[in-house]
Amino acid sequence: MAKWEERWHPLRQEWVIIAAHRQDRPWHGDTVGKSAPEAREYVKDCYLCPGNERVRGHRNDHYQGIFVFDNDHPCVGPDAPVDLQTPAGIFRNRPANGLARVVCYTPKHNSSLSELQVPQIVDLLNAWSGQYTELGARPDVNHVLVFENRGEVVGVSNTHPHCQIYGTNFVFKTIETEAIAARRHFDETGRVLFQDVLQAEHDDGRRIVYKNSSAVAFVPYFARYAYECYVAPLETHARLADLSKSELTDFAEALKALLVRYDNLWKMPFPYVMTLHHAPTDDGDYGTFHFHIEFHPPLRKPNLLKYLAGPEIGGGNFLSDTLPEEKAEELRNSGGSLG
Ligand SMILES: [Zn+2]
Ligand SMILES: [Zn+2]
């Protein structure tokens, strides 16, 4: 099997260099400390725990399930200045309209998405759908970015399980690229691009981490990060809200199956950036867009960061030191219960 090659990323329309033959280089980069999980269910000075006061004086509900509130430090928001100075020449600017929110998954400070039960995950999926629909209906919101940063290595200081939502006036670049690629593929072949990806993953089989009757979790052939995973329904739906009740349950099970494997892999809370990839909420035609969730874990080994450097930051394409087939096998084999 070739361990040194380039792989085409059909969703991002770019090449990924797989250079797994270099894994045994003597220098492996900096290590990062393991953070011990918080032992307590309630933390007095956590701004996300039930009943606590937040930075600008608002007090959280004494919530039992999921709790959503407007971000106290929004990067986009209704209060963004509208009277902007016009920049010189070619430069352009505009108000940072939109809405930023925070979603607490559970009142339990020491829990995590991986530890939620499947019905609780279904509740969360429904909450995401509701937010997408509500924010997406606003005329100033053309895209709803739902994401969770997990772990100190991706800059999270508060371990209370939560995600963020940015409703923005622009469509985030990755989603825009995926939507264009999906449309072009459909025009050229009459098929849904993501279905062709799923078919090829199914035919190969080596990178499937978990599958049930209507959902799948897999390391894509073209993974840019070690342990990068997609979770997707098998049927094409442009948005989470279009999944049936049974599809939602299957999807929640696939999500949990993956998250448990992540945490089991190195017996630590597995850091990642999780992003929902659904259709933008502008007036475009997204019938060929296939909803999925992407996980981008920043670590290559326990305590070993994947650095973004020359190829990634400088050039804009990824160089991966790991083989997707091997990483998928590791994840498959780390199943079982948390502990
Ligand atoms: Zn908390
Ligand atoms: Zn995607």
Side-chain angles (χ1 to χ4, degrees), residues 8-14 16 35 37-55 58-69 72 102-113 115-116 132 143-148 150 156-164 171-185 192-198 201 216-225 228-233 236-240 251 255 258 269 272-280 286 288-296 318:
W8 178 246
H9 195 313
L11 305 182
R12 296 178 60 88
Q13 299 282 293
E14 67 191 29
V16 180
S35 56
E38 294 268 2
R40 291 159 298 161
E41 271 192 15
Y42 170 78
V43 173
K44 221 171 76 186
D45 58 0
C46 166
Y47 60 89
L48 298 175
C49 275
N52 287 0
E53 192 173 297
R54 300 202 306 273
V55 61
H58 300 288
R59 192 168 284 282
N60 294 331
D61 294 350
H62 288 276
Y63 63 98
Q64 306 282 318
I66 292 159
F67 177 55
V68 184
F69 63 91
D72 297 305
V102 176
V103 181
C104 296
Y105 299 161
T106 161
K108 291 183 182 172
H109 186 91
N110 57 353
S111 187
S112 68
L113 187 49
E115 287 178 290
L116 298 187
Y132 172 91
H143 183 255
V144 181
L145 185 76
V146 181
F147 66 97
E148 178 189 349
R150 187 190 195 205
V156 179
S157 50
N158 191 333
T159 58
H160 194 118
H162 70 286
C163 72
Q164 299 188 62
V171 179
F172 270 82
K173 195 73 192 173
T174 299
I175 304 301
E176 186 180 49
T177 303
E178 287 190 6
I180 291 169
R183 170 54 57 191
R184 190 190 301 140
H185 188 80
V192 170
L193 175 59
F194 204 94
Q195 285 294 350
D196 282 358
V197 170
L198 289 181
E201 290 297 351
V216 63
F218 62 100
V219 178
Y221 168 77
F222 43 80
R224 295 178 305 153
Y225 291 82
E228 174 175 333
C229 270
Y230 288 10
V231 181
T236 296
H237 302 289
R239 46 194 74 80
L240 190 48
F251 190 86
L255 204 52
L258 172 65
Y272 56 69
V273 174
M274 174 189 82
T275 317
L276 273 63
H277 283 206
H278 41 209
Y286 297 107
T288 59
F289 197 94
H290 190 118
F291 163 75
H292 57 285
I293 294 184
E294 296 191 7
F295 286 88
H296 294 105
F318 264 67

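A quick note: this is a predicted structure, and the numbers were derived from the prediction, not measured. Counting starts at 1 for both ligands and their atoms, in listed order. The first residue of the sequence shown is numbered 1, and numbering continues consecutively from there.
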Minimum-distance atom from the Zn ion (ligand 2) among N, O or S atoms of [X]:
X      : result
Glu178 : OE2
Glu294 : OE2
His292 : NE2
His277 : ND1

Original post:
Hey, does the Lys NZ or Arg CZ of Arg239 hover above the aromatic six-ring of Tyr132, less than 6.0 Å from the centre and inside 45° of the axis?
Top reply: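 Arg239 over Tyr132 ring: no.
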Original post:
Looking at the rings of Phe291 and Phe289, which for Trp means the six-membered one, are their centres under 6.0 Å apart?
Top reply: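 No, too far apart.
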**OP:** Answer with yes or no after comparing the ring centroid distance for Phe172 and His143 against a 6.0 Å cut-off, counting only values under it.
**Re:**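 They qualify: ring centres under 6.0 Å apart.
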Original post:
Going by the angle between their ring planes, with limits at 30° and 60°, are Phe194 and His290 parallel, tilted or perpendicular?
Top reply: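 Aromatic pair Phe194/His290 classed parallel.
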Original post:
Hey, is there an N, O or S on His109 sitting under 2.8 Å from the Zn ion (ligand 1)?
Top reply: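 Checking His109: at least one N, O or S atom is under 2.8 Å.
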**OP:** Report, rounded to 10°, the angle at the Zn ion (ligand 1) between the two atoms ND1 (His160) and SG (Cys46).
**Re:**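 Once rounded, the angle between the two atoms at the Zn ion (ligand 1) is 120°.
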**OP:** Answer with yes or no whether the side chains of Asn60 and Arg54 bring together a donor and an acceptor at under 3.5 Å.
**Re:**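 Per modelled atom types, Arg54 and Asn60 side chains form a pair under 3.5 Å.
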